[in-house]
Amino acid sequence: MPQSLIPGILSNDTGSISRAITLIENDLPIPDSFFSDLHGNSSHSIRIGITGPPGAGKSTLTNELIETILSNNKTVGVIAVDPTSPFTGGALLGDRVRMNKYIWDNRVFIRSMGSHGDLGGLARKAQEAGDVLAASGKDIILFETVGVGQGEHDVAKAADLTIVILVPESGDEIQLMKAGLIEIADLFVINKSDRDGANRISSLLKNILHNFTSRDKIEPPVFNTIASRGEGIVELFIGIQDHLKLMSDKGLLNDRRLMRYRSRVSDLIRESLEKGFWTEEKISLLNKTTETLNSIKSAPVIMAQEMMAKQ
Ligand SMILES: Nc1nc2c(ncn2[C@@H]2O[C@H](COP(=O)(O)OP(=O)(O)O)[C@@H](O)[C@H]2O)c(=O)[nH]1
Ligand SMILES: [Mg+2]
């Protein structure tokens, strides 16, 4: 059945795209040939990651970007990933409205993915859903992810270019966050620039970026937006395109795509080895030996070795 969805996906049929993503999301059996067919058709899209703290305006900004992308005669797919949400299979809270807006417009496909109680695999599934959208011919794929813990790193791994959204109130956090975020952000957005402190935080950030960007990287530009009024979005979109061009000219886009391929392969291997390892028997053995603190008899490293030695 998954294989029969391929012609529909390739001809941008919304129902086929949607069903394929549901199969991926629910871990239903999918033959390797399905992924081979996707792979052969999914290389031309630009993948953009959008991350930032809850409430920063990621969804509002994504909606505005959709409109700008459409008015540039390009098509767009959106995968909104929320690892903190247990919901799955279509719409996260608040996302239904925007999805309905494009329900009859096959230039846009929007899908939300929640954790389904299982964080492992969510990043992989989001990337595979991205492959489906790419194979359907979408020019640009936006991955929107809440920046909490691992989320922003997963989105950066999935994307050609990562946008980190901050708000004027993020000012004090910059020092705290700079290590992690500066590593992953190709481009910063200070959203809610209608609020006090927007200019202060963008100059502070520009200063930090100027001092901390290593010579082999491109200094991330900073954009101010008011997403709720659609202000600064066209400038941002031009900035995204300029940045991609610069990355491409310097060979960095290629590097990133190669790195993505490698890390997807090694993530799949890790996932598959772990899946094969944890039999019912081994899970219950571990549970039994750790029934109470007193029942633990050996160091974790010894226990791990014993378990790996078991067939
Ligand atoms: N004042 C102001 N509010 C905004 C702006 N952009 C978004 N918002 C509001 O901020 C809230 C959170 O936005 P949302 O897009 O859901 O944030 P997300 O959690 O990052 O996806 C909503 O009530 C938006 O209307 C902005 O530029 N200025
Ligand atoms: Mg949101």
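Ligands are counted one by one from 1 in listed order, and the atoms in each one are counted from 1 as well.
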Check your understanding: For residues 281-309, which residue pairs qualify under salt bridge (charged side-chain N to carboxylate O under 4.0 Å, His left out), counting only residues two or more places apart or in two chains?
Key -> none
Exercise for review: Tell me the residues surrounding ligand 1, counting only those with a heavy atom closer than 4.0 angstrom, sorted by chain and number.
Suggested key: Pro53, Pro54, Gly55, Ala56, Gly57, Lys58, Ser59, Thr60, Asn191, Lys192, Asp194, Ile226, Ala227, Ser228
Practice item. Return yes when at least one N/O/S atom of Ser59 is nearer than 2.8 Å to the Mg ion (ligand 2), and no when none is. Key: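 For Ser59, the answer is yes, given that an N, O or S atom comes within less than 2.8 Å of the Mg ion (ligand 2).
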Thinking salt bridges, do [X] and [Y] make one under a 4.0 Å N-O criterion?
{"X": "Arg262", "Y": "Asp267", "result": "no"}
{"X": "Asp160", "Y": "Arg257", "result": "yes"}
{"X": "Lys250", "Y": "Asp255", "result": "no"}

Check your understanding: For residues 212-221, which residue pairs qualify under side-chain hydrogen bond (donor to acceptor under 3.5 Å, both in side chains), counting only residues two or more places apart or in two chains?
Key ->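 Only His210-Glu219, Ser214-Asp216 qualify under side-chain hydrogen bond (donor to acceptor under 3.5 Å, both in side chains).
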Pair up each side-chain donor or acceptor in residues 221-241 with any protein partner under 3.5 Å, not counting sequence neighbours, and list the distances.
unit_1, atom_1, unit_2, atom_2, d
Asn224, OD1, Ser202, OG, 3.4
Asn224, ND2, Ser193, OG, 3.0
Thr225, OG1, Asn191, OD1, 2.9

